[in-house]
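As structure tokens, the structure follows; a few thoughts come after it.
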Amino acid sequence: AQTVTQSQPEMSVQEAETVTLSCTYDTSENNYYLFWYKQPPSRQMILVIRQEAYKQQNATENRFSVNFQKAAKSFSLKISDSQLGDTAMYFCAFMKGYGGATNKLIFGTGTLLAVQP
Amino acid sequence: DTGVSQDPRHKITKRGQNVTFRCDPISEHNRLYWYRQTLGQGPEFLTYFQNEAQLEKSRLLSDRFSAERPKGSFSTLEIQRTEQGDSAMYLCASSLGGSGGTEAFFGQGTRLTVV
């Protein structure tokens, strides 16, 4: 069974600063995908960034980037130039690779990020 | 609005009552998922539909829970004889089929409180 662990329940960062959220996972699969989802207060969850396990290059989306360490099973999210709108719960999630799989997501427990003005 | 919509947003019910939630996915999405999220936890998978076929159910989905997607469009999740432990946010998500790793789009959820 796959598990996802987020060891930082809460984090705080000053506006315009950089913050890194940690995530580790456990799987025996070789083909899989990793995601970071953002859940703002009282709003729906949205995808922040996605990483294919077979790609060595770390994914980047504007101010968001990941540090994917496959051997260590680590998948951290770096947010640069933090903005007040980044305040949200962030979930790390795992998905098995395609092959009749349901593409269901397995989530960590989340990290509540507060961006301070 | 072409996003995933869920109805109702909030539901308060007495223990022992039945409740039903509805999810309308993005129209072209053939995959639909239900998740449950309790306070301080990440969402947990409940069940999955590909078109109208329910292809996977979690062990979390006791026999009091039933889900349908009759025409491969909207879906309903019914909880019979609700218990206080059923209090949670119920999230619906949809995605396109095909290759793996496709983005799941989530609704705002239905928050259930059982009193």
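Being a predicted model, the structure only gives us computed values, none of them experimental. Every chain is numbered from 1 and lettered A, B, ... according to where its sequence line falls, protein lines coming before strand lines.
- B/R9 touches chain A through its side chain: at least one heavy atom from C-beta onward sits under 4.5 Å away, while N, CA, C and O do not.
- The environment of B/R15 atom CZ is sparse: at most 12 non-hydrogen atoms of other residues, nucleotides or ligands sit within 6.0 angstrom.
- Within 6.0 Å of atom CD1 in B/I12, 12 or fewer heavy atoms from other residues, nucleotides or ligands are found, so the atom counts as exposed in its surroundings.
- In this structure, OG on B/S95 lies 6.5 Å from CE on A/M95, to the nearest 0.5 angstrom.
- Minimum interatomic distance between A/R50 and B/T102 (heavy atoms only, all atoms of both residues): NH1-N, 3.9 Å.
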Discussion item. Between A/F91 and B/Q41, is the side chain to side chain contact (heavy atoms under 4.5 Å, CB included) condition met? List the steps.
Written reply: CA-CA 10 Å; A/F91 291 99; B/Q41 299 296 318; over 6 Å; no
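- To the nearest 0.5 angstrom, B/Q6 atom CD is 9.5 Å from A/Q44 atom CD.
- Salt-bridge annotation for B/E56 and A/K104: present, with a side-chain N of the basic residue lying under 4.0 Å from a carboxylate O of the acidic one.
- Contacts between B/Y35 and chain A at a heavy-atom distance below 4.5 Å involve the side chain alone, from C-beta outward.
- For an aromatic pair to be called close, the ring centres must be under 6.0 Å apart, and B/F45 with A/F107 fails this.
- Within a 6.0 Å sphere centred on CZ of B/R64, other residues, nucleotides and ligands contribute more than 12 heavy atoms.
- Atom CD of B/Q108 sits about 11.5 Å away from atom CE of A/M45, to the nearest 0.5 Å.
- With a 4.5 angstrom heavy-atom cutoff, A/Y32 does not touch chain B via any of its atoms.
- Annotation: B/K57, atom NZ; neighbour count of heavy atoms from other residues, nucleotides and ligands within 6.0 Å does not exceed 12.
- Interface residue A/Q39: only side-chain heavy atoms are found under 4.5 Å from chain B.
- The 12-atom threshold is exceeded at CD of A/E15, counting heavy atoms of other residues, nucleotides or ligands nearer than 6.0 Å.
- For A/Q57, the CD atom is loosely surrounded, since the number of other residues' heavy atoms within 6.0 Å does not exceed 12.
- The neighbour count for B/K11 NZ, taken as heavy atoms of other residues, nucleotides or ligands under 6.0 Å away, does not exceed 12.
- In the displayed structure, A/L84 atom CG is contacted under 6.0 Å by more than 12 heavy atoms of other residues, nucleotides or ligands.
- Residues B/Y33 and A/L105 form no side-chain contact, since every pair of their non-hydrogen atoms from C-beta on lies 4.5 Å or further apart.
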